[in-house]
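Computed from heavy atoms alone, side chains included, the values below leave out hydrogens, waters and symmetry copies. Along the sequence shown, residues are numbered consecutively beginning with 1. In each ligand, atom 1 is the first atom listed, and ligand 1 is the first ligand listed.
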Amino acid sequence: MSTDAGRSHARGPGAWLSEPLPQVAISFEFFPPKSAEADARLWQAVERLAPFHPSYVSVTCGAGGNPAEGTASLVEALRARADLCAVAHLTCATAPRATIDQIAERYWDSGVRHIVALRGDPPKDGVRDRDGAHYGFAADLVAALRRIGDFEISVAAYPEPHPEAASREADFDNLKRKIDAGAGRAITQYCFDTDAVLRLRDRMVAAGVAAPLSVGILPVHNFTQVRRFSERCGAGVPDWLCDLFDGLDNDPEQQALVAASVTAEQARRLIVEGIEELHFYTLNRAELTIAACRLLGLRPSLACAA
Ligand code: FAD
């Protein structure tokens, strides 16, 4: 489907708040908290978000994939305490293959059946083992996971190419390699340029990449932090977004109102254009994700509360 064709029906069903949208699958990302206070905040968020029935919730990990940093225990707690389908991120950038294999085997043995397979960012000193002791790229990790267990595997995709990619084509080829190696879903980096997301979707369709595309959405809780983080991960911050948050640095209430609208508008447009899975980067906070879900017509149901 071309983006232009999509645009022509952007004014059709679902474009306005009064018009119902097709049902989509939603999922939420959390990160392991580092203090008792952060832990309490996380669980407040989980309790408020669980009733929206996410297909799954995912838990980030550090670049070494080390579950001791809290990923494995949070995955377990989300399953046991909140009865959620919890998915572990696993990165391979810094730990040797044998260590990564052991972590994956432990996940399999403990009943975790879905992994987000990532390379992770290389160490800051830039030194990386190239002697074959490490999985070099996420595609290598996907192939290894396939050998270890019948995991459902999701991988990262980049509507704006990954900063280290030699070219847009090379980055797309990498995504195809990851799917060909056995991944079943691509989850995008957040991207405020919705046209770029739709171009990636269209390109996957044209290339016959059948894996579903789950679009990552970052609610802007703090615009200054988003700008700083985006510089590091290569995500663009468009001028229109800067204009919307201009002058609101010291006004968190107004920032939140603007952010809810930005998040919901992007989500609505994606759904109208045919995207069927949305993945919210919650930053362990519930309010903006809830606002967006409600504006999409989703309602919480207490039957699934944590
Ligand atoms: P890869 O797919 O291996 O790609 C990395 C780079 O290498 C790309 O530029 C690619 O084009 C290039 N490349 C791949 N193969 C080759 C090759 N054979 N030759 C040359 N170049 C190649 N980071 C964390 O630390 N923890 C997390 O929990 C985490 N979760 C994430 C979740 C999602 C949904 C996303 C989108 C990102 C996440 N990240 C996380 C960030 C991610 O780890 C970084 O973006 C990382 O730099 C790349 O990881 P990747 O899996 O995309 O790597």
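- In the vicinity of Ala156, heavy-atom distances shorter than 4.0 Å reach the ligand 1 atoms 35 (C), 36 (C), 52 (O).
- By the criterion of a heavy-atom distance under 4.0 Å, both the backbone and the side chain of Ile187 are placed next to ligand 1.
- Between atom 48 (C) of ligand 1 and the options His162, Arg185, Lys178, His89, the minimum heavy-atom separation is to His162.
- Atom 3 (O) of ligand 1 has Ala138 N, 2.8 Å as its closest protein atom, hydrogens excluded (heavy atom only).
- Interface atoms of ligand 1 facing Thr60, defined by a heavy-atom separation under 4.0 Å, are 28 (O).
- Salt-bridge check for Glu76 with Arg79: passed, with a basic side-chain N closer than 4.0 Å to an acidic carboxylate O.
- In this structure, of Asp173, Thr94, Asp140, Leu118, the residue bringing a heavy atom nearest to atom 31 (C) of ligand 1 is Leu118.
- For a threshold of 3.5 Å applied to N or O pairs, the pair formed by Ala117 and ligand 1 contains no separation below that value.
- Classification of the His114-Tyr56 ring pair by plane angle, with boundaries at 30° and 60°, yields tilted.
- For the atom pair Ile271 CD1 and Glu276 CD, the distance stands at 10.5 Å (nearest 0.5 Å).
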**Study point:** Stepwise side-chain contact (heavy atoms from CB on, under 4.5 Å) test for Val87 and Val112
**Key:** CA-CA 7 Å; Val87 173; Val112 174; over 6 Å; no
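- Minimum interatomic distance between Tyr135 and Arg97 (heavy atoms only, all atoms of both residues): CE2-NH1, 3.4 Å.
- Every atom of ligand 1 with a heavy atom of Phe137 under 4.0 Å away is listed here by number and element: 3 (O), 7 (O), 13 (N), 14 (C), 15 (N), 16 (C), 17 (C), 18 (N), 19 (N), 20 (C), 21 (N), 22 (C).
- Evaluated for a side chain to side chain contact (heavy atoms under 4.5 Å, CB included) with Phe280, the options Ile217, Leu49, Leu218 yield exactly one hit, Ile217.
- Here the shortest heavy-atom distance to atom 37 (C) of ligand 1, taken over Tyr281, Tyr158, Phe31, belongs to Tyr158.
- When hydrogens are left out, the protein atom nearest atom 44 (C) of ligand 1 is Asp121 OD1, 3.5 Å; that is the closest non-hydrogen contact.
- Atom 1 (P) of ligand 1 has Asn174 ND2, 3.6 Å as its closest protein atom, hydrogens excluded (heavy atom only).
- Compare Gly120, Pro159, Ala157, Gly216 by their heavy atoms: the one nearest to atom 49 (O) of ligand 1 is in Gly120.
- Atom 25 (O) of ligand 1 has Cys61 O, 3.6 Å as its closest protein atom, hydrogens excluded (heavy atom only).
- Shown here for Phe52 and Leu298, the closest heavy-atom pair between the two residues is CE2-O, 3.7 Å.
- Within a 6.0 Å sphere centred on CG of Asp83, heavy atoms belonging to other residues, nucleotides or ligands number 12 at most.
- Side chain to side chain, His279 and Ser27 meet the donor-acceptor criterion of an N or O pair below 3.5 Å.
- Hydrophobic cluster of Tyr158: no remaining members, since no ILVMFWY side chain lies below 4.5 Å from it.
- How far CG of Leu283 is from CZ of Phe30: 10.5 Å, rounded to the nearest 0.5 Å.
- Ligand 1 has Thr91 within reach: a non-hydrogen atom of the residue lies less than 4.0 Å from it.
- In terms of protein heavy atoms, atom 51 (O) of ligand 1 is closest to Arg119 N, 2.8 Å.
- At least one heavy atom of Arg177 sits less than 4.0 Å from an atom of ligand 1.
- For ligand 1, the atoms sitting less than 4.0 Å from at least one non-hydrogen atom of Asp171 are 8 (C), 9 (O), 10 (C), 11 (O), numbered in the order shown with element in parentheses.
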